[in-house]
Amino acid sequence: MKENNTGSKTPEAKKEFFLFRWFRRLFFPQKELDIYAEEQVQSPLRVVVRNFFSKKTGLFAVIVFAVIALFVLITPIFVVFNPAEQDSTAIYVAPGLNMLSAPSELSRVGAADISVGSNYSVACDKNGKVYVWGQTKVTRSVNLKYIPDEVRDAKIVQVAAGYDHCYALDDQGTLYGWGNGFLDQLELPGALDSNNRLHNKKIVKIDASYQFTAALTEEGEFYIWGNKNNADLTYRKSELDGHVKDFALSIDSYILLLDSGEVTYGNFNPQMAITKIPETVSSGVVRIAATAQTAAAVKEDGSVVVWGSAVMGEKNVPALSSKIVSIAGGRYHYVAALEDGSVVTWGDSHKKQTVLPKSISKLKAAEVYAGANQSYAIDGNGKVEKWGFKGYLLGTDALGRDVFTRLVNGGKMTMTIGAVAVIIEMIIGIILGGLAGYFGGVVDMAIMRIAEIVSSIPFLPLAMILSSILNARMSPDISQTQATNQRMYLIMIILGVLSWPGLCRLIRAQIFAQREMEYVTAAKALGVKESKIIFSHIIPNVMSVCLVSITLAFGTSMLTESSLSYLGFGVPSWIPTWGNMLNGANNSTVIQNYWWNWVFVGAIFGVTCICINLIGDALRDALDPKANSR
């Protein structure tokens, strides 16, 4: 290095040394600083972040909360929520994805008959063995998977699956029933009860629906029995017996196919949409089927006629490549096997009832079967192909609504309400607390008296009263959707407006300590506006302390919204939130028998609130100047 006679560096040497240091710092930075140097170069924000993430509980809480937040914000994009969705046949279905879990043995031996119920299926193979799978539990004491011994010992040739009961027919013509018989589902008609045990009636077809069953004999005699309160089971026996060739059951009625090719109804006074038979099916019909509220008839020329209350696209029959050899109806969809072995489906598909698997093209279907939301096809050897709805991941509630769908959409609603309420609380609390702390005197006294009045009134009763009053003042001319949205906005505003006193006091106390500091005096001397001093200089210096309060207020707002919904003053029950979902499970019977209605939502809600509290505690410790010394 160049030096002059006095030993000091020359300008050229200083320049070279500067370039050398710049090059070394640019490409070879110092890898690690000692603790003293690190403290000197770190900004306060970096110190807070380091302290926060050094606490394992805080880091764990952030990760878990982020996962839950992303889950409830992203999942609703893919899990579509329908506020009007209800299903009387899916009430309190237990969690599980086993509704299509047909035993492999059934295909190996060869299926002889399959019947699909509401949430389960029953089948028999070519050896006469009976299989039951799906959600088979009806009540605490009734489970359809427990097949009676007499059925196990018999050679079964046909099966029928109802809503809560099953029937099986053996090769001797004997009928066996099991399941729920509280509403006469298992009480055979007198003509079948004794005579059938003596095999005087040769039954050729059995089928079951919601809570009733029907049978057809070889002589064309039709029998129907079960719960007469929910279904029209009348039948003009003397006029039609001996002429019935086939029958189909809807959810509350039936239709008959006569040997003349005419479709008719067994009573003189049709009341249901399905029983109002159109003239186009008065002759030439070879096959019939029915869904919940519609019926379909296949004519000799291969055309298909559908009538009834077709609200799910049941009348949208696709183009057929050949004639239909077998047709079956589910709850809102049809499935048919054609002469060329192909399978076609149409109708409702929101649970993939009409989405055929790719493997179906390899199966030359001979028969098809359909139920609520599942379908099956078998070939001549009895090999089974299945498609449709697999089940409810987290079960269903008292109205048959999917708990998982409501959980994710309810979480989004609960978190949104909590976040908006906290924003409103933060705006009011910061503005009023800043004014009270900075100006003091009369302004401080007036704001604090208002805060004391608001905080002295019991929160939940006041929120309930305001919710009731403001709901009553809503315009009666608005739609239900608009009323629901207004009520949600109302809950957000009420939570925010009634929660600000605590944050206001905290801001006020912090500003009392800050307003006498030198930077405030300097700002005043420079002529800075007082509003700018408060909100641009003082508030940013006290926000670190307020972050803890805001974080905890988020969890409190979620809990309060849930409490209001739990008490019936929150968001309407058809719009899910975690609070009104817990409110729906506020019943000792539900708590004891249908645990999935409250366990899942209670668990995710509890974990979310605990994580928020842990984050708040970690923030408090990170912002504490003495945290580094502990």
Side-chain angles (χ1 to χ4, degrees), residues 98-117 120-134 145 147 151-161 166-174 176 202-208 216 218 246 248 286-289 298 302 318 320-330 333-346 352-390:
N98 57 352
M99 292 184 186
L100 284 175
S101 302
S104 57
E105 183 182 356
L106 183 63
S107 287
R108 186 173 65 254
V109 177
D113 190 30
I114 301 175
S115 184
V116 189
Y120 73 99
S121 299
V122 59
C124 61
D125 62 22
K126 293 183 177 181
N127 293 334
K129 183 179 178 180
V130 176
Y131 306 83
V132 182
W133 64 91
K145 73 176 182 179
I147 304 170
V151 177
R152 295 180 183 275
D153 297 335
K155 184 177 181 181
I156 304 301
V157 294
Q158 280 193 46
V159 289
C166 291
Y167 271 94
L169 177 70
D170 69 9
D171 58 347
Q172 301 299 316
T174 305
Y176 306 93
K202 183 171 178 55
I203 299 174
V204 294
K205 180 180 179 179
I206 58 173
D207 197 6
L216 179 65
E218 190 176 39
D246 196 4
V286 293
R287 291 174 187 84
I288 56 174
V298 181
L320 306 176
S321 58
S322 59
K323 290 185 177 181
I324 293 176
V325 297
S326 177
I327 185 171
H333 74 287
Y334 287 99
V335 56
L338 308 183
E339 287 181 344
D340 58 8
S342 61
V343 177
V344 294
T345 63
W346 68 92
K352 299 183 179 180
Q353 306 97 308
T354 60
V355 180
L356 293 171
K358 294 181 180 179
S359 55
I360 196 72
S361 59
K362 300 178 182 179
L363 184 81
K364 189 173 178 60
E367 292 288 340
V368 289
Y369 309 91
N373 299 302
Q374 298 81 32
S375 299
Y376 299 86
I378 61 174
D379 62 11
N381 298 321
K383 182 181 178 182
V384 179
E385 191 62 63
K386 55 196 176 182
W387 66 95
F389 185 56
K390 294 182 179 180

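What you see is a predicted model, and the numbers here were worked out from it, not measured in a lab. Numbers for residues simply follow the sequence, beginning at 1.
In this structure, Tyr167 and Val122 have side chains that are not in contact, with every pair of non-hydrogen atoms separated by 4.5 Å or more. Annotation: side chain of Tyr176 is in contact with side chain of Asp170 (closest heavy-atom distance under 4.5 Å). Within the 4.5 Å cutoff, side-chain heavy atoms of Leu338 are placed close to those of Val344. Taking the side chain as every heavy atom from C-beta outward, Val335 and Val343 approach each other to under 4.5 Å. Contact check for Tyr131 versus Ser121: no side-chain heavy atoms found under the 4.5 Å cut-off. The side-chain heavy atoms of Trp387 and Ile360, taken from C-beta on, include a pair separated by under 4.5 Å. Two residues are said to be in side-chain contact when any heavy atoms from C-beta on lie closer than 4.5 Å; Val368 and Ile327 fail this criterion. Side-chain contact between Lys323 and Glu339 is present, with at least one heavy-atom pair separated by less than 4.5 Å.
Of the inter-residue distances, the one linking Tyr334 atom OH with Gln353 atom CD reads 13.5 Å to the nearest 0.5 angstrom. Between atom CD1 of residue Ile378 and atom NZ of residue Lys383 there is a gap of 13.0 Å, rounded to the nearest 0.5 Å. Considering NE2 of His333 and OG of Ser375, their distance stands at 3.0 Å, rounded to 0.5 Å. A distance of 11.5 Å separates CD1 of Ile147 from CG of Asp153, quoted to the nearest 0.5 Å. If you take OH on Tyr369 and OH on Tyr376, they are separated by 12.0 Å, rounding to the nearest 0.5 Å. A distance of 9.0 Å separates CD in Glu385 from OG in Ser361, rounded to the nearest 0.5 Å.
For Phe389, the ring pair (Phe, Tyr, Trp, His ring centres under 6.0 Å) partners are Tyr392, not counting sequence neighbours.
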For this session: Show your working on side chain to side chain contact (heavy atoms under 4.5 Å, CB included) between Asp113 and Val157 and close with a plain yes or no.
Result: CA-CA 7 Å; Asp113 190 30; Val157 294; over 6 Å; no
For this session: Could you walk me through whether Trp346 and Thr354 pass the side chain to side chain contact (heavy atoms under 4.5 Å, CB included) test, one step at a time?
Result: CA-CA 6 Å; Trp346 68 92; Thr354 60; 5.6 Å; no
For this session: Could you please spell out the steps behind the side chain to side chain contact (heavy atoms under 4.5 Å, CB included) verdict for Ile114 and Val384?
Result: CA-CA 10 Å; Ile114 301 175; Val384 179; 4.2 Å; yes
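With a 6.0 Å radius and a threshold of 12 heavy atoms from other residues, nucleotides or ligands, Lys352 has its NZ atom at or below the threshold. Within 6.0 Å of atom NZ in Lys205, more than 12 heavy atoms from other residues, nucleotides or ligands are found, so the atom counts as buried in its surroundings.
When all heavy atoms of Gln158 and Cys124 are compared, the pair lying nearest together is N-SG, 4.0 Å. Heavy-atom minimum distance, Ile206 versus Ile203: CG2-CG2, 3.7 Å. Taking every heavy atom of both residues into account, Ser321 and Asp340 meet most closely at OG-OD2, 2.9 Å. The two residues Ser115 and Ala161 make their nearest non-hydrogen contact at OG-N, 2.8 Å. In plain terms, the two heavy atoms of Ala123 and Val159 that are nearest each other are CA-CG2, 3.9 Å. Minimum interatomic distance between Ala328 and Ala370 (heavy atoms only, all atoms of both residues): CB-N, 3.7 Å.
Glu105 has a carboxylate O that lies under 4.0 Å from a charged side-chain N of Lys129, or vice versa, which qualifies the two as a salt bridge.
In terms of modelled atom types and a separation under 3.5 Å, the side chain of Asp125 and the main chain of Gly128 share a donor-acceptor contact. Lys386 places a side-chain N or O within 3.5 Å of a backbone atom of Leu100 that can act as its donor or acceptor partner. Not one N or O on the side chain of Ser326 forms a donor-acceptor pair closer than 3.5 Å with the backbone of Glu367.
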